[in-house]
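This report refers to the structure that appears directly beneath it.
Because only heavy atoms are used, hydrogens play no part in the values below, and waters and symmetry mates are left out as well, while side chains stay in.
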Amino acid sequence: MALRTILLATALVMSPVAAFADLAISGQDGKQVRAGDGLPMVPTPDSVATISFSSSDAPKVIGMINVCSTQMGPPSALAVAPDYSFVLATCPQKFGPDNKLVAADTVAVIGLDDPTKPKLLETAQAGLGATGVFLNKKATIALVTGVGDDTITLFTIKDRHLTRGGQVKLEAKAEPRDVLIAPDGKFAYALRFGDGKVTKLAIKGDQLSRVADFAVGTQPDGGSISADGRYLFVNDFQGTPSTTKGVGATALIDTRTGKITDAIEVGALPEDVVQSPDGKYAAVVVGNGSATVRNAPNYNSVFGKLVILKRDGGKLTHVTDGQIGHACQGVVWSQDGKRLLVQCSVERDIRTLDFDGKTLTERPEAVIKMESRPGVMVTSKAR
């Protein structure tokens, strides 16, 4: 046992992340106190946790820090550097003087020199209601959406320090909930929940400018971008022009033309959409009308679902569905694409499902229980 401890400590010194097969970062929101949960009506701590997992090993929380996190909006309020040296965590809400929730604008920088001991390095201010955050591939630029003031804010990053750069102000009530930076780092795409558009942005140095807008459906919430930058996945709460009105759908958009190339109905309230590391599949977390509190009449009869889609160029096909819990949020893939972790906020847990290319199999023995509602989860390859 002593030798094993020494070897683990040595591995952490040489390469903190290399000691773990896969590393997920999970944010928990303790501010969402719901009377129907049957729990004391007091907030629990917000936190950001590091989770070690793989397709052969059960997930395990290995580190945690009490930093503001959120389950509000799409599960896009965390971004992690490709080398796992730091995490950015946005904070769209905080408790005001009267103990009621008010809009916040904070972005926290969390150091992961040792993933078992995350450290708060600094905080910065973005737009009001800071929600979606995305890092470029070099981890030198971050974009943050301001849902409350309809802004996209650019930060430059050096030595894990954020310096605020340009900001784009959108139309009132555009409500940008998510933003995605293209792999080449030259362009970005802001998803506007309020008016059903995507705004294409140009990044040049520390400045951000608006290029074009295109329609993508009704109430676009969260998204993902393909590894070559050609396609955007967009979850539309109320569907697209080619799908049933009012039914949640996942759309695929060609970034060269701004046109929808395909869309598939997935069910009510599609939250997260995350591509597998090889880009062949996309996992979509769907609320599916499931309860948001434990004492709801439909708690034992209606459940969320995890939908797996396959992409072939600009086309999507449905592969399989898996039943999950209630009001579920974020999802991540293992590096080999054989295992997924899914956050379920009502149960306050993180679930494990295995994927063999055709079906999903839940592993109930591998559930992680959390004190607060999990609301966002990423890996370095998450979106």
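Side chains of Ile157 and Ile141 form no contact here, defined as non-hydrogen atoms less than 4.5 Å apart. Contact of the Ile51 side chain with the Ile368 side chain is registered, since non-hydrogen atoms from C-beta on lie closer than 4.5 Å. In this structure, Arg351 and Glu362 have side chains that are in contact, with non-hydrogen atoms separated by less than 4.5 Å. Side chains of Val33 and Val42 form no contact here, defined as non-hydrogen atoms less than 4.5 Å apart. At a threshold of 4.5 Å between non-hydrogen side-chain atoms, the residues Thr379 and Tyr84 count as touching. Two residues are said to be in side-chain contact when any heavy atoms from C-beta on lie closer than 4.5 Å; Arg294 and Arg34 fail this criterion. Proximity of Thr250 to Leu309: side-chain heavy atoms (C-beta onward) are separated by under 4.5 Å at one or more points. Using a 4.5 Å cut-off on side-chain heavy atoms (C-beta onward), Leu353 and Ile324 make contact.
Under a cut-off of 6.0 angstrom, the local environment of NZ in Lys245 is sparse, with at most 12 non-hydrogen atoms contributed by other residues, nucleotides or ligands. In Asp159, the CG atom is not crowded: 12 or fewer heavy atoms of neighbouring residues, nucleotides or ligands sit closer than 6.0 Å. Other residues, nucleotides and ligands place no more than 12 heavy atoms under 6.0 Å from the NZ atom of Lys280.
The closest side-chain donor-acceptor pair between Glu265 and Thr244 falls under 3.5 angstrom. Between the side chains of Asp213 and Thr199, at least one donor N or O lies within less than 3.5 Å of an accepting N or O. Side chain to side chain, Ser224 and Gln275 meet the donor-acceptor criterion of an N or O pair below 3.5 Å. For the residue pair Gln28 / Ser47, a side-chain donor-acceptor distance below 3.5 Å is found, with atom types taken as modelled. A donor atom on one side chain and an acceptor atom on the other are found under 3.5 Å apart for Asp114 and Thr116. Remark: the Gln71 side chain and the Glu271 side chain contain no N/O donor-acceptor pair separated by less than 3.5 Å.
His326 and Phe303 have tilted rings, their planes meeting at an angle from 30° to 60° on a 0 to 90° scale.
Atom CG of Leu341 is separated from atom CH2 of Trp333 by 11.5 Å, given to the nearest 0.5 angstrom. Atom OG1 of Thr44 and atom CZ of Arg373 lie 9.5 Å apart (nearest 0.5 Å). How far CD of Gln207 is from CG of Leu201: 12.5 Å, rounded to the nearest 0.5 Å. Interatomic distance, Asp22 CG to Asp57 CG, rounded to the nearest 0.5 Å: 9.5 Å. One finds the OG atom of Ser52 at 5.5 Å from the CD1 atom of Ile62 (value rounded to the nearest 0.5 Å). Here the straight-line distance linking atom CZ of Phe134 with atom OG of Ser76 works out to 10.5 Å at 0.5 Å rounding.
Here the shortest heavy-atom pairing between Ile65 and Pro118 reads CD1-O, 3.7 Å. Thr131 and Pro74 make their closest contact through CG2-CD, 4.4 Å (heavy atoms, listed as atom of the first residue, atom of the second, distance). Closest of all the heavy-atom pairs between Leu191 and Asp221 is CD2-O, 4.1 Å. Taking each heavy atom of Leu135 and Ala142 in turn, the nearest pair found is CD2-CB, 4.0 Å. Here the closest heavy-atom approach between residue Ala103 and residue Leu128 is recorded as CB-CG, 3.7 Å. Minimum heavy-atom separation, Val319 to Gly357: CG1-O, 3.8 Å.
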Item to check | Verdict with supporting geometry, Asn288 and Ser290, side chain to side chain donor-acceptor pair (under 3.5 Å) | outcome: CA-CA 5 Å; Asn288 199 41; Ser290 60; over 6 Å; no
Item to check | side chain to side chain contact (heavy atoms under 4.5 Å, CB included) between His318 and Val307, intermediate numbers included | outcome: CA-CA 8 Å; His318 176 268; Val307 178; 3.8 Å; yes
Next on the checklist: side chain to side chain donor-acceptor pair (under 3.5 Å), that's the test. Do Gln93 and Gln32 meet it? Break it down for me.
Outcome noted: CA-CA 10 Å; Gln93 291 181 316; Gln32 308 308 317; 3.1 Å; yes
Next on the checklist: Pair Ile350, Val367 - check side chain to side chain contact (heavy atoms under 4.5 Å, CB included), show working.
Outcome noted: CA-CA 6 Å; Ile350 298 174; Val367 172; over 6 Å; no
Item to check | Stepwise side chain to side chain donor-acceptor pair (under 3.5 Å) check, Thr359 with Asp356 | outcome: CA-CA 6 Å; Thr359 60; Asp356 63 5; 3.2 Å; yes
Checklist entry - For Thr145 and Thr151, what are the C-alpha separation, side-chain angles and deciding distance, and is it a side chain to side chain contact (heavy atoms under 4.5 Å, CB included)? => result CA-CA 6 Å; Thr145 66; Thr151 59; over 6 Å; no
Checklist entry - Can Ile225 and Tyr189 be said to form a side chain to side chain contact (heavy atoms under 4.5 Å, CB included), step by step? => result CA-CA 9 Å; Ile225 189 165; Tyr189 303 88; 4.0 Å; yes
Item to check | Pair Ser55-Asp336, side chain to side chain donor-acceptor pair (under 3.5 Å): steps then yes or no | outcome: CA-CA 7 Å; Ser55 59; Asp336 60 11; 2.6 Å; yes
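Side-chain atoms of Asn136 come within 3.5 Å of backbone atoms of Ala139 as a donor-acceptor pair (strictly under, hydrogens ignored). A donor-acceptor pair under 3.5 Å links the side-chain atoms of Asn298 to the main chain of Gly289, judged by distance alone. Looking only at distances, no side-chain donor or acceptor of Asp321 sits under 3.5 Å from a matching main-chain atom of Lys305. At least one donor-acceptor pair under 3.5 Å links the side chain of Asp150 to the backbone N or O of Glu175.
The pair Lys31-Asp46 meets the salt-bridge criterion, with a side-chain N (NZ, NE, NH1 or NH2) lying under 4.0 Å from an Asp/Glu carboxylate O. The residues Asp254 and Arg230 are annotated as salt-bridged, a charged nitrogen and a carboxylate oxygen being separated by less than 4.0 angstrom. The pair Lys310-Asp312 does not meet the salt-bridge criterion, since no charged nitrogen lies less than 4.0 angstrom from a carboxylate oxygen. Ion pairing of Asp354 with Lys338 is absent here, as no side-chain N (NZ or NE/NH1/NH2) approaches a carboxylate O to less than 4.0 Å. For the pair Arg192 and Asp178, the salt-bridge criterion is not met [side-chain N within less than 4.0 Å of a carboxylate O].
A side chain to side chain contact (heavy atoms under 4.5 Å, CB included) with Phe233 is found for exactly one of Leu180, Leu252, Ile253, Val274, namely Leu252.
In terms of hydrophobic clustering, with Ile, Leu, Val, Met, Phe, Trp and Tyr side chains grouped at heavy-atom distances under 4.5 Å, Val216 and Val179 are assigned to a common cluster. Note on Leu208: it does not cluster hydrophobically with Val133, by side-chain heavy-atom contacts below 4.5 Å among ILVMFWY residues.
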Pair up each side-chain donor or acceptor in residues 161-168 with any protein partner under 3.5 Å, not counting sequence neighbours, and list the distances.
from   : atom 1 : to     : atom 2 : distance (Å)
His161 : ND1    : Glu122 : OE1    : 2.7
His161 : ND1    : Glu122 : OE2    : 3.4
Arg164 : NH1    : Gln125 : O      : 3.1
Gln167 : NE2    : Thr153 : OG1    : 2.8

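With sequence neighbours excluded, no residue forms a ring-ring contact (aromatic ring centres under 6.0 Å, His included) with Phe95.
Relative to the ring axis of Phe193, Arg177 places its NZ or CZ within 45° and under 6.0 Å from the centre.
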